[in-house]
Amino acid sequence: MDKRIYLIDITYGLVGNSPEIRMFGVDEDGRKVVVLDRGFRPYFYVIPEEGFEEQVAKAAGRMQGVVKAEVVDRRMFGKPIKAVKVTVTIPEKVRELRDRVKSIQHVKDVLEADIRFYIRYMIDNDIRPGWLMFSNLRPTDVKMGRVSNVYITEEPPRSLSIGAMPKLSYMALDIEVYNPRGTPDPRRDPVIIIALANHMGDVKLLTLDRYRSERDMFNEFNAIVDEWDPDVVFGYNSNKFDMPYLVNRANAINAKLQLSRYGTPPEQSVYGHWSIIGRAHIDLYNFVEDMTDVKRKSLDYVAEYFGIMKRSERVNIPGHRVYQYWDDEGKRDLLIKYARDDVVSTLELGRRLLPYAMQLASVSGLPLDQVGPASVGARVEWMIMHEAYKMGELAPNRVERPYETYRGAIVLEPKPGVHRNIAVIDFSSMYPNIMLKYNISPDTLITNGAEGDYYTAPEVGFKFRKSPRGLYTVLLQELIEARREAKSEMSKYPEGSPEWVLLNERQRALKVMANAMYGYCGWLGARWYIREVAESVTAWGRHLLKTAINMAKERGLSVIYGDTDSLFVTYDKDKVDELVGKINEMGFEVKIDKVYSKLIFTESKKRYIGLTVDGDIDIVGFEAVRGDWSELARNVQERVAELVLKSSVDEAVKYVRSVIDDLRNYRFTLDDVIIWKTLDKDVDEYKALQPHVIAAKRLIEKGYMVGKGDTVGFVIVKDGGDKLTQKAYPYIFVDDVKRIDIDYYIEKQVVPAALRILEVFGINEATLLGKTGRSILDYFS
DNA sequence: TAACCTAATAGTCAA
DNA sequence: TGTTGACTATTAGGTTAG
């Protein structure tokens with residue numbers, strides 16, 4: 001029987017002394033199915049000393065639990081190598097046998113013993129999460145949890161790269177917890193609301209007051225999940241909060257938590273992920289984390305960013321007040337509405353982000369529920385592992401390496417001042433294209449003398465074989481080809497249709513992964529890390545940009561600025577077009593990215609503001625686009641930029657003065673003055689106690705769990721003490737703007753942000769503060 | 001002792 | 001647990017002027 005199935009979750013179980021791969025998915029009609037494959041066994045590789053291959057294979061083959069040990073031909077960093085492939089009975093035996101095999105005489109190394117069994121199955125059969133084509137399915141009576149459509153396959157499926165959006169059922173989950181002492185403790189504090197929403201528009205709000213016991217509420221929760229039977233479960237920060245809390249709370253009160261298709265609780269899995277067997281649990285926070293444009297990552301801000309729900313339209317309850325709203329029966333409905341807003345936002349966010357998550361899973365090869373929590377390095381590495389398998393290249397083991405660094409890109413000194421009519425010329429995907437063109441890869445680097453024809457990297461002199469193509473190069477070529485395919489397929493569908501959206505997310509995921517290849521090759525933790533590889537990429541990049549600069553100058557174009565892969569030049573259309581044409585002839589794609597009618601540089605690199613010929617305002621690098629400045633300062637700077645570009649410097653000065661006046665008269669909200677900063681480590685590890693660290697300590701004092709990775713929102717108050725740090729308080733502890741230190745916000749936020757742009761025009765602090773003339777102090781300085 | 005200087009620390013953005 | 005380059009605020013810890 002032939003069948004197409006969209007893979008949702010993959011795991012394995014044991015049948016006697018044999019492993020059984022279990023693939024949960026939906027068929028083309030949206031029916032939930034499981035396919036079992038009993039024809040695959042785990043294995044790893046042993047690298048013997050030269051000449052001892054057969055001897056080692058025989059010794060390994062005699063070991064209990066080993067099914068087969070055979071000598072095979074593989075490659076290691078491009079060089080042919082003889083390895084012993086040791087196949088074992090069940091995945092649980094791999095670790096033990098790996099250690100025993102290591103002690104066999106004449107064994108140099110053991111490789112690929114750290115690859116999870118179901119991932120191994122996917123790599124070896126070139127399976128990616130997505131549509132799978134099964135050509136030899138047999139129905140069986142075996143029940144797999146609550147799924148009744150169970151099949152056994154006689155052969156592994158074939159992965160289809162493109163296909164329609166599957167008919168998935170999904171739900172979102174959000175819990176509220178009683179927390180009178182700050183951060184709740186699952187051993188003590190009950191879950192008071194479980195909010196659920198599904199793709200059919202059903203919303204269920206389970207509130208503790210409507211049940212005889214918390215256990216009854218959990219049972220109702222189990223029953224709803226069973227009835228809805230979602231393929232995908234969305235949460236927001238659910239890997240760090242909801243899932244562990246539910247699991248720990250269920251244990252504490254001895255309640256059942258039956259969320260998986262086996263009827264079991266969520267289990268902690270790789271990358272800090274909580275897995276729900278048979279479904280894909282997706283924590284949307286993981287995807288929002290990667291979006292650099294989204295500065296505030298809490299659900300209310302994110303929902304607003306995506307146009308799902310305005311913050312002004314939702315009930316806003318500070319986390320530490322949740323218990324008060326619960327205790328006060330007059331306010332309890334507000335809390336319930338709050339939970340509803342959160343779960344509905346989460347569901348909609350999930351609907352929007354799911355296509356990208358599916359494509360990122362497909363491209364990286366990681367299961368749908370793991371790809372989010374996996375690091376960029378892990379995503380790229382598994383993608384490479386798939387390619388390496390196809391090329392017969394063995395995966396090196398992970399090793400700790402001492403810190404080392406290498407030279408990066410060129411950044412030109414900008415010409416400060418106002419420029420008119422400037423074109424920005426950009427290299428498209430510069431680093432991937434450099435890697436492709438010069439065949440830069442760990443397996444093409446020449447390490448011992450010349451081997452045929454090669455490319456030599458400028459400045460650093462490292463050499464790369466021209467042929468055969470390397471691991472990275474082949475992969476990059478495939479990514480580019482797949483992207484071309486996705487784009488051409490896309491054009492067959494109306495913009496915004498489900499197929500179009502899915503293909504658009506596919507081409508986006510392919511681009512993201514191609515661009516991540518360079519970062520991966522310079523990552524110390526990479527299996528295939530070779531410093532010379534990363535160093536050569538940037539060396540060629542510098543060379544390329546320098547060449548482009550010279551070519552521009554030769555044509556009489558004035559170069560205003562440049563950074564890594566971009567060049568800002570006077571827009572003389574004919575000359576620029578000719579330049580672009582000439583660089584393209586060199587085999588690198590460049591294009592005019594945008595044209596500014598007015599562009600302003602200060603003396604700083606990586607910072608500029610510009611007015612495009614289309615009338616858009618760009619602000620790059622400045623405080624206005626930074627998440628660690630108050631909204632007040634960011635808004636002022638943004639408006640100053642706009643006025644300077646579209647109106648006049650005088651107007652901008654007037655505007656800044658009016659803002660200062662508003663401040664002095666307390667015409668602002670608390671939200672305007674919150675400063676947000678991320679804690680990159682736990683509070684005790686800091687050497688310098690900066691304001692946000694003190695604010696974090698104040699939160700901890702009140703019982704909050706604040707630590708590494710959390711973002712602290714604080715304000716500067718005037719009644720705290722002499723030192724700035726003393727005056728930094730978490731904004732949730734301040735409810736009156738009269739407590740705010742106005743002078744700090746004027747002198748350290750608004751004025752510097754405004755001056756950053758206005759000082760180009762000779763404006764100084766005194767002008768902004770309305771101090772005309774010279775003060776007595778000026779004579780002394 | 002206040003004023004001043006500099007290095008170190010820390011976070012965020014550009015590419 | 002993707003890279004280097006760059007800017008900026010603030011603290012920490014001194015030295016200096018008076």
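Owing to the predicted nature of the structure, the values given are computational and were not obtained by experimental measurement. So that the names make sense, note that chain A is the first sequence line, chain B the second, and so on, each numbered from 1.
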**Request:** Output, in order, the C-alpha distance, side-chain angles, deciding distance and verdict of salt bridge (Lys or Arg N to Asp or Glu O under 4.0 Å) for A:Lys748 and A:Asp741.
**Result:** CA-CA 11 Å; A:Lys748 298 290 185 179; A:Asp741 183 350; over 6 Å; no
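In this entry the distance linking OH of A:Tyr561 with P of B:dA14 reads 10 Å, nearest Å. Residue A:Met291 contributes atom CE, which lies 16 Å from atom P of B:dC13 at whole-angstrom precision. We find that CD1 of A:Ile694 is positioned 9 Å from P of C:dT11, with the value rounded to whole Å. When rounded to the nearest whole Å, the span between CG of A:Asp563 and C1' of C:dA6 equals 9 Å. Atom CZ in A:Arg626 sits roughly 12 Å away from atom P in C:dT10 (whole-Å rounding). In this entry the distance linking CG of A:Asp290 with C1' of C:dT3 reads 16 Å, nearest Å. Atom P of nucleotide B:dA10 and atom CG of A:Asp684 are separated by 13 Å, given to the nearest angstrom. The nearest whole Å value for the distance from the NZ atom in A:Lys295 to the P atom in B:dG11 is 16 Å.
Of all nucleotides present, only C:dA12 satisfies the Watson-Crick or G-U wobble test against B:dT6, with each distance under 3.5 Å.
Residue A:Val693 is out of contact with every strand shown, counting any heavy-atom pair closer than 4.0 Å. Looking at heavy-atom distances under 4.0 Å, A:Ala409 makes contact with sugar-phosphate atoms alone, never a base. A:Gly522 comes within 4.0 angstrom of the backbone, heavy atoms only, and of no base. Here A:Thr405 lies in heavy-atom contact (under 4.0 Å) with sugar-phosphate atoms only. A:Gly621 comes within 4.0 angstrom of sugar-phosphate atoms only, judged by non-hydrogen atoms across all strands, and of no base. Using a 4.0 Å heavy-atom distance criterion, A:Val380 is classed as making no nucleic acid contact. Counting non-hydrogen atoms under 4.0 angstrom, A:Phe568 reaches nothing in the nucleic acid. If you check every strand for non-hydrogen atoms under 4.0 Å, A:Val625 touches sugar and phosphate atoms only. Nucleic acid contact for A:Tyr406: sugar-phosphate only, since backbone atoms but no base atoms lie under 4.0 Å from a heavy atom of the residue. Across all strands, A:Arg407 comes closer than 4.0 Å only to sugar-phosphate atoms, never to a base (heavy-atom distances).
Remark: A:Lys591 NZ is packed, more than 12 non-hydrogen atoms of other residues, nucleotides or ligands lying under 6.0 Å away.
Between A:Arg639 and A:Glu642 there is a salt bridge, with a side-chain nitrogen of the basic residue lying less than 4.0 Å from a carboxylate oxygen of the acidic one.
Listed pair A:Arg527 / C:dT1 fails the phosphate criterion, with no side-chain N or O lying under 4.0 Å from OP1 or OP2. Between A:Arg607 and the phosphate of C:dT8, there is a side-chain N or O to OP1/OP2 separation shorter than 4.0 Å. Between A:Lys677 and C:dT8, a side-chain N or O to OP1/OP2 separation shorter than 4.0 Å is absent. Using a 4.0 Å cut-off, some side-chain N or O of A:Thr678 falls inside it from OP1 or OP2 of B:dT12. Contact between the side-chain N/O atoms of A:Thr538 and the OP1/OP2 oxygens of C:dT4 is not found at any separation under 4.0 Å. Between A:Lys681 and B:dA10 there is a side-chain N or O to OP1 or OP2 distance below 4.0 Å. Considering only side-chain N and O atoms, A:Tyr608 lies nowhere under 4.0 angstrom from the phosphate OP1 or OP2 of B:dC13. Within the 4.0 Å cut-off from OP1 or OP2 of B:dG11, at least one side-chain nitrogen or oxygen of A:His692 is found. Listed pair A:Ser375 / C:dG2 meets the phosphate criterion, a side-chain N or O lying under 4.0 Å from OP1 or OP2. Note on A:Tyr686: a side-chain N or O is less than 4.0 Å away from OP1 or OP2 of B:dG11. Proximity of A:Lys606 to the phosphate of B:dA14: no side-chain N or O atom is located under 4.0 Å from OP1 or OP2.
A cation-pi arrangement is absent between A:Arg296 and A:Tyr305 under the rule of less than 6.0 angstrom and at most 45 degrees off the ring axis.
Shown here for A:Leu368 and A:Ala361, the closest heavy-atom pair between the two residues is CA-CB, 3.9 Å.
With C:dT1, B:dA14, C:dT8 as the choices, the nucleotide that has an atom nearest any side-chain atom of A:Arg756 turns out to be C:dT8. When each of B:dT12, B:dT9, C:dT1 is scored by its nearest atom to the side-chain atoms of A:Asp628, the top-ranked nucleotide is B:dT12. The side chain of A:Val376 lies closest to C:dG2, out of C:dT10, C:dG2, C:dA12. Picking from C:dA12, B:dT12, C:dC7 the nucleotide with the shortest atom distance to the side chain of A:Leu689 gives C:dA12. Residue A:Pro752 has its side chain nearest to C:dA9 when only C:dA6, C:dG5, C:dA9 are considered.
Projected onto DNA chain C by closest heavy-atom contact, A:Lys708 and A:Val411 fall at different nucleotides, the more 5' of which corresponds to A:Lys708.
Using the six-membered ring where Trp is involved, A:Phe588 and A:Tyr438 have ring planes that are tilted, between 30° and 60° apart. Using a 30° and 60° split on the angle between ring planes, A:Tyr608 and A:Phe601 fall in the tilted class, from 30° to 60°.
Not less than 6.0 angstrom separates the ring centroid of A:Trp274 from the ring centroid of A:Phe241.
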